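Throughout, a chain's letter reflects where its sequence line sits, starting with A, and its residues are numbered from 1. This is a predicted model, so every value here is computed, not measured.
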Amino acid sequence: MKKMLNTLYITRQESYLHKERETIVIKQGKEKLAQIPAIAISNILCFGQISVSPFLMGYCGEQGIGLSFYSEHGKFLARVQGRQSGNVLLRRTQYRWADDEEKSVSIARLMVAAKIANARSVLMRELRNHGDKLDVSAAVDKLAVSLRQVKNASSVGQSMGIEGDAASCYFGVLNDLLHGHGFVFNGRVRRPPTDPVNALLSYAYSLITHECASALQGVGLDPYVGFLHQDRPGRLSLALDLLEEFRAPWADRFVLTQINRKEIKPCDFNTEAGGAVRLTDKGRKKFLAAWQIRKQDKIYHPYFQESVAIGLLPHCQAMLLVRHLRGDTEFYPPYYLK
Amino acid sequence: MEDLKQPLFISALQHQAYCPRQFALIHIEQVWDENRFTAEGQLLHERVDSGVAEQRSGVRSERGVLIESRQYQISGIMDLLEISQDDPPGYFPVEYKRGKPKVEDWDRIQLCAQALCIEEMRATTVAEGAIWYWEVRQRESIEIDEGLRQTTLETIQMSHEILASGITPPPAEDKKRCRACSLKHLCEPSVFRNDSSGSYIQGLFGS
């Protein structure tokens, strides 16, 4: 597996990024803030009023360095894409299989299975570390049933249904995994999230979704056409498909750790007039800094049989999906915790 | 109609000879990854191709010569073609390579493919050629014999078949070749040499 490179998070407002030979220069006004060799960078995320020179955009596209723009609050705005990959055979296969119910479900049910298995692993870890809790144990057993059910799912719709039930079951006990003061989880609420835990989960999910979209584009797949998630204009369906495997072991575990270690506190959130809860600037910076560190931790990938940086997991799965579509493997190998 | 079949370039044949999967990854899947070997090779060829035709002691040197064979459906650009001023003229292909002379055939196959094109284009016979190995600054004479022609024709045939099928073969059995391959991280030979997805999925549901 390739080595993970660094991600640049640009949050200083009115920064300007440009290319100088093979380096990325960050300036604010006349002041040069940093100069970094491009070869060390795999991703640049810009939050808020950040300008980027078109030549740097072109260079990033050419070198496969992800470049994306978000509002200061973290709402996704745009992504720069270089020349599209020339692997048309691959994309044709993706579209053909996405239109074919049998091919779609053969992949979709494995993605859902891994999601359920990973959610179950997170709950079982809680039982191991913090002693037996009745409702968590019950959820672990129920998820085992969901896992068996999805093994034989014969349609994408059925897989989605099993996934929905499993998610409800899991979110029903997630509160038991929270030991931090001032944080309570009463179920998943989005659009908008109306409590801090949901706000953090949504933010973490969206960060991973965009990493998945970049990884998919990087290997020549179309992130908008999925097997589990159906087409919806503007929706990164395949990126959302990939996200399923990572929700519990990566996003949820990270959010729980941040809360339980009191790294994130209730004062790191603002509640808007409409009820939406968001991280403050300070809270978001803290979250992103910890996120970046966590991405560099290594985790064992059971199919590659080597330790890879967590931040490379989207690339790993994107690659496994490509090789499956190209006929190297009989089944798509989703990421699951062993 | 002109582009019924994907053109097979002579420079692609060395990839096929090195590893059929590498050939498919580059020419069907359009992946490319630069590593030290290929980057240096690129620079070397730029130096060579930029020359003009020279004339020296009865031998004319032409660089960047476009060649093709309709019979074998291959085409390419030669680094150097030496033409002796006899009657009829003799044609002597020279290929420039970054590395060292190798036991294996893949450089020689490329040279032989060039010879086949010249033979067709000029209705002549090319019995010999040479490869210039930059790393050791040595020119190695190559005899375009029957064995080499046979291997080259097989390589050309296999290449056409793979291009037509659109299928990427599994990684080569010889793991030594993977070490120097610039596509190692795009191919992941140890992961895909054998398909273990079946037992992996069993593990997912078994737990």
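Salt bridge status for A/Asp328 with B/Arg193: absent, with no side-chain N to carboxylate O gap under 4.0 Å.
Side-chain atoms of A/Thr329 do not come within 3.5 Å of backbone N or O of B/Ser197 as any donor-acceptor pair.
Across every non-hydrogen atom of B/Ile201 and A/Pro334, the tightest pair is CD1-CD, 3.8 Å. Closest approach of B/Thr168 and A/Arg326 over heavy atoms only: OG1-NH2, 2.8 Å.
Heavy atoms closer than 4.5 Å to chain A are found in both the backbone and the side chain of B/Ile28. Heavy atoms of A/His315 lying under 4.5 Å from chain B are absent altogether. When heavy atoms are compared at a cutoff of 4.5 Å, A/Leu110 approaches chain B by way of both its backbone and its side chain.
Looking only at side-chain heavy atoms (C-beta outward), A/Val150 and B/Phe205 come within less than 4.5 Å of each other. The closest side-chain heavy-atom distance from A/Phe331 to B/Leu204 is not below 4.5 Å.
The aromatic rings of A/Tyr303 and B/Tyr200 sit perpendicular, their planes meeting at an angle over 60°, well past the 30° parallel limit.
At most 12 non-hydrogen atoms from other residues, nucleotides or ligands lie less than 6.0 angstrom from CZ of B/Arg70. Taking a 6.0 Å sphere around NZ of A/Lys151, one finds it holds 12 or fewer heavy atoms contributed by other residues, nucleotides or ligands. Around the NZ atom of A/Lys142, the shell of radius 6.0 Å holds no more than 12 heavy atoms that belong to other residues, nucleotides or ligands. Other residues, nucleotides and ligands contribute only 12 or fewer heavy atoms inside 6.0 Å of the CD1 atom of A/Ile39.
Here A/Pro333 is the residue among A/Gly327, A/Gly220, A/Pro333 with the most heavy-atom pairs under 4.5 Å with chain B.
B/Ser196 OG to A/Glu330 CD: the interatomic distance, rounded to the nearest 0.5 Å, is 11.5 Å.
Looking only at atom types and distance, the side chain of A/Asn87 has a donor-acceptor partner in the side chain of B/Glu29 under 3.5 Å away.
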